[in-house]
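In what follows, residues are counted from 1 in the order of the sequence shown.
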Amino acid sequence: MAMKVRVLLSSVVVLSVMWLVGCSGHYSCGTTFGSSSCGSSTGGGNNSSSANAFAYAVDQGGSMDGYALNTTAGTFGPVTTYTAPKILANKGGVGVVVAQGKYLYAVLEDVQQVYGWSIGTNGNLTALNNFPVSLPSLSGISSYPYNQQVVITNPAGTLLFISEATNEQILVYQISGTGALTAATGSPFTTSTVSLSPQNMGMDGLGRFLYVSQTSAT
């Protein structure tokens, strides 16, 4: 399937990235692995004591599901000690991302909200204060199913980016040391000046440049 890819050269977006970011951390999208301090185990179970990492996925029924990966045993499954946090019933998350190795964010496009949790060493999630966060405008994302990375962070985990195709803009939030989100100055940033309906995003390893593809619906 062909996809037109453009590099977003808007100086306002690039400059906002350059002065707000560092150069280390983790970013991802979709079902997302969180770091864990638990050691490896010789056992084959998927409980929290034997997990090397955790993964999380939005459940449309209204919960945030958690899974454990045991690289020693080569097993993957539900965390036995995990209590799934309740969220609004939804059409499916458009992005799940870990920031700073300890915060998990899930974006639900149809309810216009971002949920946030801190990740415990046992894989359990604790809701961050003042979440969920309402989004000013977010539409035209969930209908595009191709390799979506519409929610990412910079490598340092200090910025959260959400692409919004219909209104041709990118929402940018600063992530504090406590996990709180604050809209970056000037956000949302328009991409209409370059006729770009943004969908998937990516960033270089130093966190200096943001790359954006044209929506696959065009």
Side-chain angles (χ1 to χ4, degrees), residues 1 3-21 27-32 57-58 60 87-99 103-116 128 130-155 157-175 179-204 207-218:
M1 176 179 296
M3 179 185 293
K4 296 183 293 182
V5 178
R6 303 179 184 177
V7 177
L8 178 60
L9 296 178
S10 173
S11 60
V12 66
V13 174
V14 173
L15 287 175
S16 70
V17 171
M18 292 179 67
W19 71 266
L20 286 171
V21 307
Y27 57 98
S28 181
C29 177
T31 302
T32 305
V58 171
Q60 292 177 305
I87 59 177
L88 288 177
N90 58 86
K91 296 179 181 178
V94 297
V96 178
V97 66
V98 171
Y103 301 121
L104 178 73
Y105 300 97
V107 179
L108 305 184
E109 182 262 345
D110 61 314
V111 297
Q112 305 277 296
Q113 291 181 331
V114 180
Y115 283 79
L128 293 171
N130 302 315
F131 278 82
V133 173
S134 296
L135 297 168
S137 177
L138 189 64
S139 60
I141 291 181
S142 59
S143 58
Y144 306 142
Y146 310 116
N147 301 315
Q148 287 193 48
Q149 287 184 291
V150 300
V151 182
I152 67 170
T153 71
N154 63 321
T158 56
L159 290 174
L160 181 74
F161 300 87
I162 305 173
S163 62
E164 205 281 282
T166 300
N167 293 322
E168 297 186 335
Q169 61 187 17
I170 296 175
L171 288 72
V172 183
Y173 291 88
Q174 297 182 63
I175 305 173
L181 297 182
T182 303
T185 302
S187 178
F189 297 97
T190 183
T191 59
S192 61
T193 54
V194 289
S195 300
L196 177 67
S197 299
Q199 184 178 352
N200 294 335
M201 297 180 292
M203 182 165 284
D204 72 297
R208 297 178 61 192
F209 301 103
L210 180 68
Y211 300 91
V212 184
S213 70
Q214 173 74 7
T215 174
S216 52
T218 60

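Annotation: side chain of Phe161 is not in contact with side chain of Val212 (no heavy-atom distance under 4.5 Å). The shortest side-chain heavy-atom distance between Ile87 and Val58 falls under the 4.5 Å cut-off. For the pair Val96/Val151, no side-chain contact is recorded, criterion being any heavy-atom separation below 4.5 Å from C-beta on.
Across all non-hydrogen atoms, the minimal contact from Asp204 to Tyr211 is N-CE1, 4.1 Å. When all heavy atoms of Ile175 and Ala99 are compared, the closest pair comes out as CD1-CB, 3.8 Å. Closest non-hydrogen pair, Leu108 versus Gly93, comes out as CD2-CA, 3.8 Å. Taking each heavy atom of Asp110 and Ala89 in turn, the nearest pair found is OD2-O, 4.5 Å. The nearest pair of heavy atoms linking Asn154 to Leu159 is OD1-N, 2.7 Å. Across Ser195 and Glu168, no two heavy atoms sit closer than the pair C-OE2, 4.3 Å.
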**Study point:** Full working for side chain to side chain contact (heavy atoms under 4.5 Å, CB included) between Leu104 and Val97
**Key:** CA-CA 6 Å; Leu104 178 73; Val97 66; over 6 Å; no
Exercise for review: Decide yes or no on side chain to side chain contact (heavy atoms under 4.5 Å, CB included) for Ile162 and Val172, but give the supporting numbers first.
Suggested key: CA-CA 7 Å; Ile162 305 173; Val172 183; over 6 Å; no
Review point. Under the side chain to side chain contact (heavy atoms under 4.5 Å, CB included) criterion, do Tyr103 and Val98 qualify, and how do the steps go?
Key: CA-CA 6 Å; Tyr103 301 121; Val98 171; over 6 Å; no
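Atoms CD1 and OG1, on Ile170 and Thr191 in that order, are 6.0 Å from each other to the nearest 0.5 Å. In this structure, OH on Tyr115 lies 8.0 Å from CG on Asn90, to the nearest 0.5 angstrom. Rounded to the nearest 0.5 Å, atoms CD (Gln60) and CG (Leu88) are 13.5 Å apart. Atom OG1 of residue Thr153 and atom CE of residue Met203 lie 8.0 Å apart, to the nearest 0.5 angstrom. In this structure, Ser213 OG and Leu196 CG are separated by 8.0 Å, a value rounded to the nearest 0.5 Å. In this structure, CG on Leu171 lies 11.0 Å from CG on Leu181, to the nearest 0.5 angstrom.
Under the side chain to side chain donor-acceptor pair (under 3.5 Å) criterion, Thr182 pairs with no residue, sequence neighbours left out. Under the side chain to side chain contact (heavy atoms under 4.5 Å, CB included) criterion, Ala180 pairs with Ser176, Thr178, not counting sequence neighbours. Qualifying side chain to side chain donor-acceptor pair (under 3.5 Å) partners for Tyr105, counting only residues two or more places apart in sequence or in other chains: none.
A donor-acceptor pair is defined here as one N or O able to donate and one able to accept, closer than 3.5 Å; no such pair exists between the side chain of Gln169 and the backbone of Phe189.
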